[in-house]
Undergrad: 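Before I ask anything, here is the structure I am working with.
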Amino acid sequence: MKKILLENFNTSLSALKQKNENPFHKKVLKYIRNPLKIFPRIMWEFKKHSKEIDWSERSEIMGNSSVFGNQISTSEQEKITNIHEKILSKFLDNNLNSGSKILDFGCGYGRFSDFFVKKFDCDYTGVEDNEYFIKNFKNKENKKFISFEILKKNTELDNYFDLLFVFAVFGGFKKKKALDIIQLLEKKIKPKGKILIVEAISEKEVEDEWSFRTEKYYTNLFKNFNVSTEYYFLEDKKFNQIFYGTKI
Ligand SMILES: C[S@@+](CC[C@H](N)C(=O)[O-])C[C@H]1O[C@@H](n2cnc3c(N)ncnc32)[C@H](O)[C@@H]1O
C-alpha cells in the first residue's frame with residue numbers, strides 16, 4: 001500500500017509552467033505564421049531521445065539553480081530544499097549515527113551537505129562530474145567534495161560508505177549509463193549499507209533529456225538492494241518516488 005508523504009507542493013515553477021503553457025492552437029498558429037520555425041523544432045524532436053543534459057552548459061547559464069527544473073531565486077531554492085529535508089528526515093532520523101559515511105552522488109552544489117553534517121553529524125562526501133560545481137566546492141571537516149573520476153579510481157572508497165544518497169540524478173542518464181553507474185556505486189557501499197534514492201517517475205516511460213521512468217524500471221535497477229517503495233511525494237504534480245533499502 002503506497003503512502004503519500006506530501007500531497008502536493010507547488011514551487012514557483014508551477015506558476016512559470018502555467019504561464020508558458022500555450023494552448024495547442026496557439027502552438028500551431030506560431031508555425032503557420034512562421035513556417036521556418038518548424039525545422040529546428042523537428043530536429044529537436046529527433047534528437048531529444050538520444051541527448052543527455054549538458055550540465056556544464058546548463059550550470060554556466062543557470063548557476064546553482066541548474067539542479068532544479070528551472071531558473072529560481074535563492075530563497076525559493078532554500079524553501080524547496082527545506083521541504084525536501086523534512087521528507088528525507090522521515091527515513092534518516094533513527095537510522096544515521098554520528099560519523100556515518102554518506103555518499104551524495106550527483107550532489108550538484110551540495111544543497112543537502114549541511115543537512116547531513118549539522119543535523120546528523122555525518123561524514124559527508126559529495127560527488128560531481130560537472131566542472132562548474134567542482135570549481136566552487138569548498139572542502140571542510142566532515143564535508144568532502146570529489147569528482148566522479150576520483151570516486152571511480154579510488155579503491156580505498158570501495159565498501160566504504162554506510163549510505164548512498166541520490167536525489168534526482170538517474171533521470172538524466174540513458175539506460176546503459178544508469179546501469180554502469182549503479183554497478184560502480186554498489187561497489188562503494190559497505191555490505192548491508194543503505195540507499196536512499198529519490199527519482200521522479202511516471203506510469204509510462206518518457207525518454208527525453210530528462211527521463212521519467214517507471215517504478216519497476218528503478219526497482220530492477222536497484223535490484224541488489226532490498227528496496228521499499230512505500231513512500232512518495234508530489235511536487236508540482238510530479239510523482240517523486242522514494243527508494244529506501246539495504247544492500248543485499
Ligand atoms: C538534477 S541535478 C540534482 C543535483 C542534486 N542531487 C540536488 O538534488 O540538488 C543532477 C546532478 O547530477 C550530476 N551528474 C550527472 N552525471 C554525473 C556523474 N557521472 N557523476 C556525478 N554527478 C553527475 C549533474 O552534474 C547534476 O548536478
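Atoms within each ligand, like the ligands themselves, are counted from 1 in listed order. Sequential numbering from 1 along the given sequence is applied to the chain's residues. Predicted model, so just to flag it, every value in this text is computed and none were measured.
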Undergrad: So for ligand 1, is Gly106 a polar contact partner (N or O within less than 3.5 Å, distance only)?
TA: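 Between Gly106 and ligand 1 (N or O atoms, distance only) the closest approach is under 3.5 Å.
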Undergrad: What are the atoms of ligand 1, with element, lying closer than 4.0 Å to any heavy atom of Phe133?
TA: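 Those qualifying, in numeric order: 27 (O).
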Undergrad: Among Gln241, Glu207, Glu199, exactly one meets side-chain hydrogen bond (donor to acceptor under 3.5 Å, both in side chains) together with Arg213. Which residue is that?
TA: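 Option passing the side-chain hydrogen bond (donor to acceptor under 3.5 Å, both in side chains) with Arg213: Glu207.
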Undergrad: Could you find the nearest protein heavy atom to atom 8 (O) of ligand 1 and give me its residue, atom name and distance?
TA: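 Nearest neighbour among protein heavy atoms for atom 8 (O) of ligand 1, to 0.1 Å: Arg111 NH2, 2.9 Å.
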Undergrad: Find out whether Ile181 and Val169 are in side-chain contact, i.e. whether some heavy atom of one side chain is under 4.5 Å from a heavy atom of the other.
TA: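 SC-SC contact between Ile181 and Val169 ruled out.
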Undergrad: Ring-plane angle category for Phe233 and Phe167, please: parallel below 30°, perpendicular beyond 60°, tilted otherwise.
TA: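 Rings of Phe233 and Phe167: tilted, as their planes differ by 30° to 60°.
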Undergrad: Take the angle between the ring planes of Phe105 and Phe170 and call it parallel below 30°, perpendicular above 60°, tilted in between.
TA: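 It falls in the tilted class, 30° to 60°.
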Undergrad: Which atoms of ligand 1 have any heavy atom of Val169 under 4.0 Å away?
TA: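 Ligand 1 atoms under the 4.0 Å threshold to Val169: 12 (O).
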Undergrad: Can you tell me which residue and heavy atom of the protein come closest to atom 2 (S) of ligand 1, and the distance to 0.1 Å?
TA: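 In this structure, atom 2 (S) of ligand 1 has Trp55 CH2, 3.5 Å as its nearest protein heavy atom.
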Undergrad: Around atom 16 (N) of ligand 1, find the nearest protein heavy atom and jot down its residue, atom name and distance.
TA: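 Sorting protein heavy atoms by distance from atom 16 (N) of ligand 1 puts Phe173 CE2, 3.3 Å first.
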Undergrad: Any idea which atoms of ligand 1 are less than 4.0 Å away from a heavy-atom of Phe167?
TA: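 It comes down to these atoms of ligand 1: 3 (C), 5 (C), 6 (N), 8 (O).
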Undergrad: Under a 4.0 Å heavy-atom limit, does Ser66 contact ligand 1 with its side chain, its backbone, both, or neither?
TA: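 Within the 4.0 Å criterion, Ser66 makes no contact with ligand 1.
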Undergrad: Kindly compute the distance separating OH (Tyr244) from CZ (Phe165), expressed to the nearest 0.5 Å.
TA: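 Going from the OH atom of Tyr244 to the CZ atom of Phe165 covers 12.0 Å.
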Undergrad: Among all protein heavy atoms in this structure, tell me which lies nearest to atom 1 (C) of ligand 1, with the distance rounded to 0.1 Å.
TA: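 Protein heavy atom with the smallest distance to atom 1 (C) of ligand 1: Ala168 O, 3.1 Å.
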Undergrad: With heavy-atom distances below 4.0 Å as the criterion, list the atoms of ligand 1 near Phe148.
TA: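 So the answer, numbered in order with elements, is 19 (N), 20 (N).
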Undergrad: Parallel, tilted or perpendicular: which one describes the rings of Tyr109 and Phe133, with boundaries at 30° and 60°?
TA: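 The arrangement is tilted - the two ring planes meet at 30° to 60°.
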Undergrad: Counting C-beta onward and ignoring hydrogens, is there a side-chain heavy-atom pair between Asn240 and Ile87 closer than 4.5 Å?
TA: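 Of all side-chain heavy-atom pairs linking Ile87 with Asn240, none is under 4.5 Å.
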Undergrad: Looking only at heavy atoms of Tyr109, does any of them come nearer than 4.0 Å to an atom of ligand 1?
TA: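 It does not, in that no heavy atom of Tyr109 comes within the 4.0 Å cut-off of ligand 1.
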Undergrad: Who's the nearest protein heavy-atom neighbour of atom 13 (C) of ligand 1, and how far?
TA: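 For atom 13 (C) of ligand 1, the nearest protein heavy atom is Glu128 OE2, 3.2 Å.
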Undergrad: Is Gly172 close enough to touch ligand 1? Criterion: a residue heavy atom under 4.0 Å from a ligand atom.
TA: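 No heavy atom of Gly172 comes that close to ligand 1.
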Undergrad: Side chains of Phe115 and Leu92: closer than 4.5 Å at any heavy-atom pair?
TA: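 Counting from C-beta outward, Phe115 and Leu92 do come under 4.5 Å.
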Undergrad: Looking at atom 21 (C) of ligand 1, what's its closest protein heavy atom, distance included?
TA: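 Residue, atom and distance for the closest contact: Asp129 N, 3.4 Å.
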Undergrad: As an exercise, identify every atom of ligand 1 less than 4.0 angstrom from a heavy atom of Asn130.
TA: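 In order of number, 25 (O).
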Undergrad: Parallel, tilted or perpendicular: which describes the rings of Phe112 and His84, with under 30° parallel and over 60° perpendicular?
TA: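 Rings of Phe112 and His84: tilted, 30 to 60°.
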Undergrad: Looking at ligand 1, would Phe68 count as a contact under a 4.0 Å heavy-atom criterion?
TA: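 No, Phe68 has no heavy atom closer than 4.0 Å to ligand 1.
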Undergrad: Rounded at 0.5 Å granularity, tell me how far NZ in Lys140 sits from CZ in Phe145.
TA: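 Between Lys140 NZ and Phe145 CZ, I get 8.0 Å after rounding to 0.5 Å.
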Undergrad: Using side-chain heavy atoms (C-beta onward) and a distance below 4.5 Å, is Arg58 in contact with Tyr132?
TA: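 No. Closest side-chain heavy atoms not under 4.5 Å.
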Undergrad: Does ligand 1 have any atom sitting under 4.0 Å from a heavy atom of Ile181?
TA: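 The answer is yes: ligand 1 sits under 4.0 Å from a heavy atom of Ile181.
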Undergrad: So if I count the atoms of ligand 1 from 1 in the order they appear, which ones are less than 4.0 Å from some heavy atom of Cys107?
TA: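 Contacts of ligand 1 toward Cys107, numbered from 1: 5 (C).
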